[in-house]
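Here's the structure we're looking at; comments come further down.
Just follow the structure's listing: the first ligand is 1, and inside any ligand the first atom is 1. The first residue of the sequence shown is numbered 1, and numbering continues consecutively from there. Side chains included, hydrogens not; waters and symmetry mates left out as well; all remaining heavy atoms used.
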Amino acid sequence: MAEYTDDCFLVPGPVRMNQACLDAMSNPVITARGSEFRDVMAELNSGLRYAFNLSPSKPEKKTQSWAGDDDYKVVVVSGSGTAGMEMIIANRFRTNDLVLVPTNGKFGERVAEMCSRFCNVKHIKYEWGRAFDLFELEQQLERKCYEALLICHNETSSGITQDAPAIAEMCQRHNVPFILDGITSIGGLPVDVEGWGVEAAVMGAQKCTAGPSGIAAITVNSHYIERCKAIREQSESNPVFYLDMISALKKGDDDQTPWTPAINLAMGWSKALDALKDETLEARWKRCSILSHGVQNLFTNLGFELLADPFQRSDTVTAIMYPDGIDDSWRSDLKEKYNTQVIGAQDHLKGKMFRVGSMGETTIEEMVEGCKRMISCFKDHGLELPDLDVESFFEE
Ligand SMILES: Cc1ncc(COP(=O)(O)O)c(C=O)c1O
């Protein structure tokens, strides 16, 4: 394995951007409404359809680059993933609607809170890192009172990936629309938007696709679009302006956005998506899986406890509990002395846990070196750890 000597940046997003993406963002300005920007949008739309694992579209303007042979369109949002999720929710539900939101971490809880601003929510709160009780979800769906079920597919705060195929199957059986926060899953884990019958999903650029922060994308099917239009026509929609889905849909046909787009971010993201296409989705999913399984098995063998249930651990982020006597001062030292960054925990787990990202374009060499540095830093902090062959945990 080639030696890695650079900084290790192992956080679960924003992730490092490649040179082509950075270069593209330094392109000179172009107008927001001219044909050059339509070229940029068409390329971006086509790359996004690939990342969403949807049918292809031509990366050419005036060819409906946002659509394909399936029932889905992609919509670019100027704003981070949260803006994308708010756009999905605010436009889709009436204040009297009731949605079901099971959660097991911070970002799922945020989905529930966001929904509560726009409609009624049945929030089923599981402990962080514990899998949903599918029997309980099935019982809820049997009540036939839900307008949709929303989940955070990959819970970045606790390192668990929900059993989306099983939940999708239940939703299809009960005819309940299924909506995904796919911000740290799409592009990094197998996501089958069409096969799962997902009505709407969002991805953030700065996560699995290694694009810039501040831009996101949504995919929606025709049922979603019909519902938004019907709600608007009946004057029952929640107040939206900047994030108005109807305005975005009107402009999409023409490779445009309703307001001034995030022009240079779009240019950069498009190049990051080219890198994804070159690698292929399947190869990226596999690399993320090798990286995450390596980290999970290594730290388990070192005697650390992982937060998430073993059978649903995420391939894009691993949440590892600190042993007794270790706290976030370890992370500060890791950054200062070892030029290696991982991220801490949120809310009640702050100072008790750290998280290692395995998304974007992170190489196996970087992860192996990063793990060696983490181990050395733990030893500096007085932990006695067995000597293990780190490389061997990352073999295919
Ligand atoms: C699963 C998940 N959902 C939502 C968000 C929020 O996304 P953003 O910070 O892009 O608005 C994050 C950010 O880490 C996330 O990991």
Exercise for the section: Kindly determine whether E199 and H223 satisfy side-chain hydrogen bond (donor to acceptor under 3.5 Å, both in side chains), including the steps that lead there. Expected result: CA-CA 7 Å; E199 194 190 82; H223 187 259; 2.7 Å; yes

Exercise for the section: State, yes or no, whether a side-chain contact exists between L180 and V191 at a heavy-atom distance under 4.5 Å. Expected result: yes

Problem - Sub-4.5 Å side-chain heavy-atom contact between E194 and D71 - result: no

Practice task
Scan for ring-ring contact (aromatic ring centres under 6.0 Å, His included) pairs involving residues 305-329, sequence neighbours excluded, and state none if there are none.
Solution key: Y322-W330, Y322-F354

Practice task
May I ask you to decide whether K372 forms a salt bridge with E391, counting only side-chain N to carboxylate O separations under 4.0 Å?
Solution key: yes

Exercise for the section: Would you mind checking if K62 and D254 are paired as a salt bridge, meaning a charged N to carboxylate O distance below 4.0 Å? Expected result: no

Fill in the blank from the handout: Residues with a heavy atom under 4.0 Å from ligand 1, by chain and number, are S80, G81, T82, F107, R110, C152, N154, T156, D181, I183, T184, Q206, K207

